[in-house]
Amino acid sequence: MATMETEAARELQETKQAQFQITGMTCAACANRIEKGLSRLPGVASANVNLAMETARVEYAPTAVTVEDIVRKVEQLGYGAVPKERREDAKDLRRKEIRRQTVRFVISAVLSLPLLWSMAGHFAFTSFIPVPAWLMNPWVQLALATPVQFAIGGPFYVGAWKALRNRSANMDVLVALGTSAAYLYSLYLTLEWAAADGAAAHHVPDLYYETSAILITLIVLGKLLEALAKGRTSEAIKTLMGLRAKTALVIRGGEEIMIPTEEVVVGDIVLVRPGEKIPVDGEVVEGSSSVDESMLTGESIPVEKRAGDAVIGATVNKHGMLKVRAAKVGKDTALAQIIRVVEEAQGSKAPIQRVADAISGIFVPIVVGIALLTFLIWFFLAAPGDFGGALRKAIAVLVIACPCALGLATPTSIMAGSGRAAELGILFKG
């Protein structure tokens with residue numbers, strides 16, 4: 001009985017590690033919330049969410065929690081999670097995200113630029129570039145701003161709702177609050193103007209449709225630039241992956257057949273012709289040649305190989321024909337382990353990042369409080385009764401205080417630095 005209990009306890013202590021592609025994160029507060037949510041899950045020993053790489057690495061006890069449980073928990077928090085072994089190629093995911101953000105930005109910019117032009121109507125230099133009278137019409141401005149606010153800005157409302165539903169706040173809350181305040185106040189002024197028969201009057205109220213529309217456009221542009229930057233920071237991993245041989249010529253049933261490298265199994269005899277990359281780690285069983293191992297050792301002089309010598313996958317056979325018995329394939333090869341070390345180093349957190357994550361967790365509520373305080377000071381003290389002016393100041397506090405830089409600065413630096421080091425042959429384990 002005691003032996004069974006000890007065995008059960010030992011199994012519970014044994015942990016596995018799984019990686020996930022996370023979708024739907026917008027700022028450091030999102031990553032922080034996912035990390036906390038997963039850490040509270042019974043059976044999860046640790047969770048590390050990387051905003052820049054949009055990945056999560058979870059250490060868990062298989063007897064207490066499953067991969068499906070982890071995915072379900074992330075979805076409950078309002079995000080998406082796909083296990084690494086079942087996800088699409090990362091490059092395709094990145095390309096789709098860049099295309100989506102590009103379309104959003106173009107549509108938003110096309111609708112917002114006329115509003116920006118109408119705003120210029122309040123300045124003296126418009127005598128050189130006159131603003132059409134119809135563009136100053138509140139109904140026209142409402143028609144231009146509404147699609148931007150609710151179609152292009154829709155994901156911000158969804159993200160804000162999910163965050164608030166989980167009793168937290170993120171960048172989406174700030175954007176939704178700031179732009180909605182400008183849009184709804186302008187809508188109120190438009191309806192008031194129409195009720196006072198404003199269409200027949202010359203006076204047009206000061207509207208802030210362009211404020212909400214331009215802010216959403218600029219934030220979407222920021223998301224597009226962020227997606228492009230994230231793609232560039234993972235180039236080192238792509239370069240390492242590009243070193244692998246794509247196919248292997250194996251002898252099966254007395255015949256030579258060409259198969260993808262992933263289908264090679266331990267014990268297969270692989271033929272490596274002159275000039276080809278060795279597809280797997282193994283042992284030479286026949287033939288002799290010189291092999292360029294510079295990708296692994298940095299040594300530019302080829303190393304002589306003959307029967308009984310070990311060879312490493314992704315090194316280059318220079319001259320003779322080699323027959324190699326596969327000893328390590330797939331994730332067990334030296335190159336795969338190097339790639340795993342680089343990925344783990346890029347996904348690890350420096351101590352300063354943990355400080356930034358802690359700040360980002362309470363950042364949004366503090367910013368909302370400061371914005372409210374700013375509004376009250378301007379409305380009651382600095383410019384008594386000037387609701388529009390006080391609202392503009394409060395919106396400015398909300399939209400410039402997005403905590404993205406807090407969560408992106410450190411991991412992006414680690415990714416860029418460790419990736420460049422890997423290209424130069426220096427590997428960081430942590």
Side-chain angles (χ1 to χ4, degrees), residues 19 84-95 231-232 234-346 418-429:
Q19 277 199 316
K84 185 178 180 181
E85 57 271 16
R86 298 205 299 267
R87 71 184 179 193
E88 297 176 56
D89 179 57
K91 189 184 291 185
D92 291 337
L93 286 173
R94 191 76 65 203
R95 195 180 294 120
R232 283 195 297 270
S234 59
E235 284 301 319
I237 297 294
K238 293 174 189 172
T239 302
L240 288 171
M241 288 180 172
L243 294 173
R244 296 183 296 194
K246 303 294 186 294
T247 58
L249 183 64
V250 301
I251 300 175
R252 286 183 180 173
E255 294 184 5
E256 298 178 5
I257 57 172
M258 188 71 74
I259 61 173
T261 305
E262 293 79 14
E263 294 180 12
V264 178
V265 297
V266 174
D268 271 341
I269 301 298
V270 182
L271 286 177
V272 187
R273 292 171 293 204
E276 291 183 342
K277 290 181 179 178
I278 298 172
V280 293
D281 294 3
E283 180 185 334
V284 177
V285 294
E286 188 178 318
S288 63
S289 181
S290 56
V291 176
D292 180 359
E293 296 184 339
S294 58
M295 57 73 61
L296 184 69
T297 65
E299 174 55 68
S300 59
I301 300 174
V303 180
E304 293 298 322
K305 299 289 182 180
R306 55 183 57 86
D309 290 339
V311 289
I312 304 298
T315 56
V316 181
N317 180 24
K318 301 296 286 186
H319 305 297
M321 175 77 79
L322 293 175
K323 281 187 178 181
V324 177
R325 180 183 289 110
K328 292 181 179 179
V329 297
K331 65 181 181 180
D332 295 323
T333 63
L335 181 61
Q337 291 179 46
I338 289 171
I339 292 170
R340 187 160 60 249
V341 166
V342 175
E343 284 182 328
E344 288 177 0
Q346 290 190 340
S418 59
R420 179 61 180 148
E423 291 173 359
L424 296 173
I426 302 167
L427 298 180
F428 287 91
K429 290 187 69 176

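Because only heavy atoms are used, hydrogens play no part in the values below, and waters and symmetry mates are left out as well, while side chains stay in.
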Taking S288 for the side chain and R306 for the main chain, is one N or O donor matched with an acceptor at less than 3.5 Å?
no

Can you confirm whether I312 sits close enough to I278 that some side-chain heavy atom of one is under 4.5 Å from a side-chain heavy atom of the other?
no

Passes salt bridge (charged side-chain N to carboxylate O under 4.0 Å, His left out), E293 versus K305? Steps please.
CA-CA 11 Å; E293 296 184 339; K305 299 289 182 180; 3.1 Å; yes

Could you give the distance from CD (E256) to CG (L249), rounded to the nearest 0.5 Å?
5.0 Å

Might you point out which heavy atoms bring R252 and E263 nearest each other, and give the distance in Å?
NH2-O, 3.1 Å

Please say whether more than 12 non-hydrogen atoms of neighbouring residues, nucleotides or ligands are located less than 6.0 Å from NZ in K331.
no

Can you give me the closest heavy-atom contact between V280 and A326, atom names plus distance?
CG2-CB, 3.7 Å

What distance do D332 atom CG and D281 atom CG have between them, rounded to the nearest 0.5 Å?
9.0 Å

Please determine whether a side-chain nitrogen of the Lys or Arg among R325 and D268 lies less than 4.0 Å from a carboxylate oxygen of the Asp or Glu.
no

Starting at CZ of R244, measure out to NZ of K277 and round the result to the nearest 0.5 Å.
10.5 Å

With respect to L322, which candidate in L271, D309, V291 satisfies the side chain to side chain contact (heavy atoms under 4.5 Å, CB included) definition?
V291

Less than 4.5 Å apart, side chain to side chain, heavy atoms only: is that true for K323 and V285?
yes

P302 versus S290, closest heavy-atom pair with distance
CB-CB, 3.8 Å

For the residue pair T247 and P279, what are the closest heavy atoms and their distance?
O-CB, 4.1 Å

Steps toward side-chain contact (heavy atoms from CB on, under 4.5 Å) verdict (V264, I259)
CA-CA 8 Å; V264 178; I259 61 173; 4.0 Å; yes

What are the two closest heavy atoms between G330 and A336, and how far apart are they?
O-CB, 3.3 Å

V324 and V311 have their tightest heavy-atom pair at CG1-CG2, 3.7 Å

